[in-house]
Structures are given as structure tokens and as C-alpha cells.
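One structure below.
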Amino acid sequence: MASIDVTIRGAGIFGLSIAWACLRRGAKVRVIEVAQPGAGASGGLVGALSPHVPEAWNDKKAFQLDSLLMAADWWAAVEATSGLSSGHARTGRLQPLADDRALAAARRRAEEARVLWRGLADWQVVPATGAAWEPVSPSGWLVRDTLSARLSPRMALAALVAALRAGGAQIAGPEASEAGAVVHATGVAGLQELSRAFGLPVGSGVKGQALALRHDARDAPQLFVDGLHIVPHADGTVAIGSTSETTWTGDGPDARLDALLDRATAALPALRGAEVVARWAGVRPRAASRAPLLGPWPGRPGQFVANGGFKIGFGVAPKVAEVMAALVLEGRDEIPPGFRFEALLPGAGPV
């Protein structure tokens, strides 16, 4: 390989996606990973690519919308180069409405979505029908949106790695050296390093747990029930997740997964008796701003940060990748103000 233009530290979803966007722009790319791709928070099971509610609009919601809308073409390009499926499909989402208050709020949001989603997706309030693949709804009403999509995190990472290798990128271990511009996409460890370097709480880790059931509903919409994601995947499994734990005693799966399973089967009785085929736990990087943390590393010319994906990392990855590649390779800065390091400084306003 000719001299390296960009080094990416970290082979999670942000690191691999940025590497792919740089490669497509003609850059020579090296990815350095201390373990293996997806060893951290990106190696999970859930893969729910879902929008925030269409109200109280802000930079983060607009950025996420753009990324969800571009995702189908973006992942199709990865699949075409790699020959592997990411499991991406825009299958939509159903959410039960608990009572008349929730129903009224959902109808207001439907009006907001017509404007904020620019007619490119729908947020609809529909009556429950009692179908087997439909969450129990106390009010008898559901929200159905056509923007939500899903992918398999592990399939998606494998497709990205294969596409990068097919394009001539290097995937290297910790002994490899940096060259060219350097992007730090190192998850929780990276947030801890930034916190030490600047003496302020840049971010922290939040443990999440999920499981997968053997139940083939691959063409059905995902469900979102009281904070719980139920996501059918292309491989004939259904992912259930996830917990959000700010304190924990062990890094692996534990008894909290039993509670997740109980909640899932109460919300969707069709899952009762399904075999549990995988259990997962990981620590996800959450920036103190609650938004992705993107841009130059302050005081380190030629070095950049892409971190803080937390629960929306896979959903925003396509746009994060394109924005970071444009910044690193072209000097074109399209990062929203709330995503910058400056948003974490004392006195910064809300994201």
C-alpha cells in the first residue's frame, strides 16, 4: 500500500464507517484495533435504527433524520463491495399508546412529522388489530412510523470490514503505527482519555444488555414498548434490548436479562417459549452532551475525535462517516454545534 492518508483508531461502528467513507473518497486508510472489530459496544445484538420523536426539533434530531434517510443507499454500497449483507431493511416500527394522553400527544406528533420529516416518512396513529405481531396496547391504538429501520450489528461490521479489505484498506493490530491524519474512535476508553486530558467530564460508559430469540419475523416491523426494543432480524432471530446501567458489578450478562425477557413476552405474547440463542453485554460510550462527539481533537493538529454514539451509533453512522471524511480529507466542516467539543465546556448551552 502507498503511504497512509488516514489512520482510524477503533474498529467499532464509527471507526469502520469513517474508514469506509474515507476509502470511497480515494484515501489510503489504516484501521488500528486493540482487540477485534466489534469487540466493544458495537458488537451487540439490537440494531434498532429508530428516530427521536418528531417534536422539539434540534440539531441531533435533524442529523439523525438525514442519516436514517441515507442509510439504505449507504449500506447497499457496503454490501455491493463486500458481497455480504448488513441485514439493513427499513421495516418501520410499532409503539403502543398507554392512554388518552399518550394518544393525543401521538396525534400532535403526526402533524409535526409531516413537516419535520419532509414527507419522506410517516408517523401515523392507527388502531390496534390484535395481530400476533403487534404489541399489547392499553388504549387500543398504536403509532406506526415508516422511518425506522434495522440492521444486524455483527453482520454490518463484518460487511464493513470486508468492504474495506476489498478496497485495499489495512485492518491492523495495536502494534501498527499511525500515519497521516488520525481519527480516534475508541469508545469508552477514548472518552476517559479525553476527560483526563482536559480535566472535565467528557463522557462515561453505560452498560447495556440484550438477548436474541429464535423467532422468524424477518419482514415484520420492530416494536418499541416502554423503552424496550424488540427487533426482528434477517437471520430469523429477534433481538431484545436493552438495559441502561450506570453502575454494575460485572461486565458480562446477568439476571437483568431475565427481566428483559419477561417484559418482551408480556408486550408481545407471540415470543413466549422462543429459544434464547444469544446473550450480550457491553459498555456504550455516552458523551456528557448526550450527542455524538465529533471534530478536531483540541490542541492536537491533524487528530480528530468521533465518539459518543451511545444508543444511536448505528443510526447516525452513515452521516457521521460522511461528515468526518469531509472534515479530515477536505477541511469541510459540517459538524453541528452541539456535537463539538466546545459544547462540553462550562457555560455551553443545551444540545
Side-chain angles (χ1 to χ4, degrees), residues 8-22 29 31-50 64 67-68 71 74-75 78-79 82 84-88 149-165 169 171-174 183-192 203-212 229 231 233-235 237 239-245 251-253 278-287 291-294 305-321 324:
I8 310 290
R9 282 201 168 272
I13 184 57
F14 276 9
L16 293 175
S17 296
I18 295 166
W20 169 246
C22 289
V29 178
V31 179
I32 298 176
E33 170 56 51
V34 298
Q36 67 271 350
S42 295
L45 300 169
V46 179
L49 313 185
S50 301
Q64 183 194 40
S67 193
L68 292 173
W74 198 89
W75 284 107
V78 173
E79 292 173 347
S82 68
L84 299 176
S85 172
S86 66
H88 181 274
R150 50 86 166 149
L151 56 65
S152 164
R154 296 175 182 180
M155 291 169 65
L157 293 188
L160 277 168
V161 168
L164 287 166
R165 286 179 169 147
I171 311 291
V183 178
H184 297 264
T186 48
V188 174
L191 293 179
Q192 293 170 341
S204 59
V206 178
K207 183 179 178 179
Q209 300 190 56
L211 52 84
H229 294 278
V231 186
H233 283 297
D235 62 357
T237 64
I240 311 295
S242 61
T243 64
S244 290
E245 306 167 40
D251 290 339
R279 295 173 180 264
W280 175 87
V283 182
R284 298 164 295 184
R286 182 178 66 185
L293 182 60
L294 309 176
V305 173
N307 209 321
F310 191 36
K311 293 183 178 181
I312 63 171
F314 278 88
V316 297
K319 187 159 186 178
V320 164
M324 288 299 296

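When reading the values below, keep in mind they use all heavy atoms of this one structure, side chains included, and skip hydrogens, waters and symmetry mates. Remember, predicted model here, so these are calculated numbers, not experimental data.
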Check: Taking all non-hydrogen atoms of both residues, which atom of Val283 and which atom of Ala41 are closest, and how far apart?
Finding: O-CB, 3.4 Å
Check: Can you check whether Ser86's main-chain N or O pairs, donor with acceptor, with Glu79's side chain at less than 3.5 Å?
Finding: yes
Check: For the atom pair CG (Leu151) and CD1 (Ile13), what is the distance rounded to the nearest 0.5 Å?
Finding: 7.0 Å
Check: Which heavy atom of Val316 sits nearest a heavy atom of Pro292, and at what distance?
Finding: CG2-CG, 4.3 Å
Item checked: Minimum side-chain heavy-atom gap Trp20-Val161 below 4.5 Å -> no
Next item on the list: Any chance you could lay out the side-chain contact (heavy atoms from CB on, under 4.5 Å) test for Leu294 and Met324, step after step, and finish with the verdict?
Entry: CA-CA 8 Å; Leu294 309 176; Met324 288 299 296; 3.9 Å; yes
Item checked: Check against side-chain contact (heavy atoms from CB on, under 4.5 Å), Arg286 and Leu191 -> CA-CA 8 Å; Arg286 182 178 66 185; Leu191 293 179; 5.6 Å; no
Next item on the list: Considering non-hydrogen atoms only, spot the tightest contact between Pro318 and Gly315 and give its length.
Entry: CD-O, 3.8 Å
Item checked: Student check: side-chain heavy atoms of Arg165 and Ile171 closer than 4.5 Å -> yes
Margin query: Donor-acceptor check, side chain of Glu33 to backbone of Ala11, threshold 3.5 angstrom: yes or no?
Written below: yes
Note to self: Using every non-hydrogen atom in the two residues, find where Asp251 and Ala281 come nearest and quote the distance to one decimal.
What the structure shows: O-CB, 3.4 Å
Notebook entry, point to check: Counting N and O atoms only, with roles assigned by atom type, does the side chain of Ser82 sit under 3.5 Å from a partner on the main chain of Ala163, one being a donor and the other an acceptor?
Noted result: no
Checklist line | Evaluation steps, side-chain hydrogen bond (donor to acceptor under 3.5 Å, both in side chains), between Arg284 and Ser242 | finding: CA-CA 11 Å; Arg284 298 164 295 184; Ser242 61; 2.9 Å; yes
Note to self: Test your reading of the model: is there a side-chain donor-acceptor pair from Asn307 to the backbone of Ala185, 3.5 Å cut-off?
What the structure shows: no
Next item on the list: Apply side-chain contact (heavy atoms from CB on, under 4.5 Å) to the pair Ile8 and Val29, showing each step before the final yes or no.
Entry: CA-CA 8 Å; Ile8 310 290; Val29 178; 4.2 Å; yes
Checklist line | Separation of Leu45 CG from His229 NE2 (nearest 0.5 Å) | finding: 13.5 Å
Notebook entry, point to check: Does a donor on one side chain sit under 3.5 Å from an acceptor on the other, for Lys311 and Ser244?
Noted result: yes
Margin query: Please determine whether side-chain contact (heavy atoms from CB on, under 4.5 Å) holds for the pair Trp280 and Leu211, giving the CA-CA distance in whole Å, both sets of side-chain angles, and the decisive distance to 0.1 Å.
Written below: CA-CA 6 Å; Trp280 175 87; Leu211 52 84; over 6 Å; no
Next item on the list: To the nearest 0.5 angstrom, please state how far the CH2 atom of Trp75 sits from the CZ atom of Phe314.
Entry: 6.5 Å
Check: Is Pro285 close to Phe310 at the side-chain level, that is, under 4.5 Å between some pair of heavy atoms?
Finding: no
Check: Atom OG1 in Thr186, atom CD in Gln192: separation rounded to 0.5 Å?
Finding: 9.5 Å
Checklist line | Rounded distance [0.5 Å steps], CD in Gln36 versus CG in Leu157 | finding: 11.0 Å
Item checked: Flag side-chain contact, heavy atom, 4.5 Å: Leu49 against Arg150 -> no
Note to self: If we ignore hydrogens and angles and just use 3.5 Å, is the side chain of Ser67 paired with the main-chain N or O of Lys319 as donor and acceptor?
What the structure shows: yes
Notebook entry, point to check: Would you say His233's side chain and Val46's backbone share a donor-acceptor pair under 3.5 angstrom?
Noted result: yes
Checklist line | Identified side chain to side chain contact (heavy atoms under 4.5 Å, CB included) partner of Arg9 from the options Val34, Ile32, Val31 | finding: Ile32
Notebook entry, point to check: What's the shortest heavy-atom distance between Ala321 and Trp74, and which atoms?
Noted result: CB-CZ2, 3.8 Å
Checklist line | Arg154 side chain to Ser42 side chain, donor-acceptor N/O pair below 3.5 angstrom | finding: no
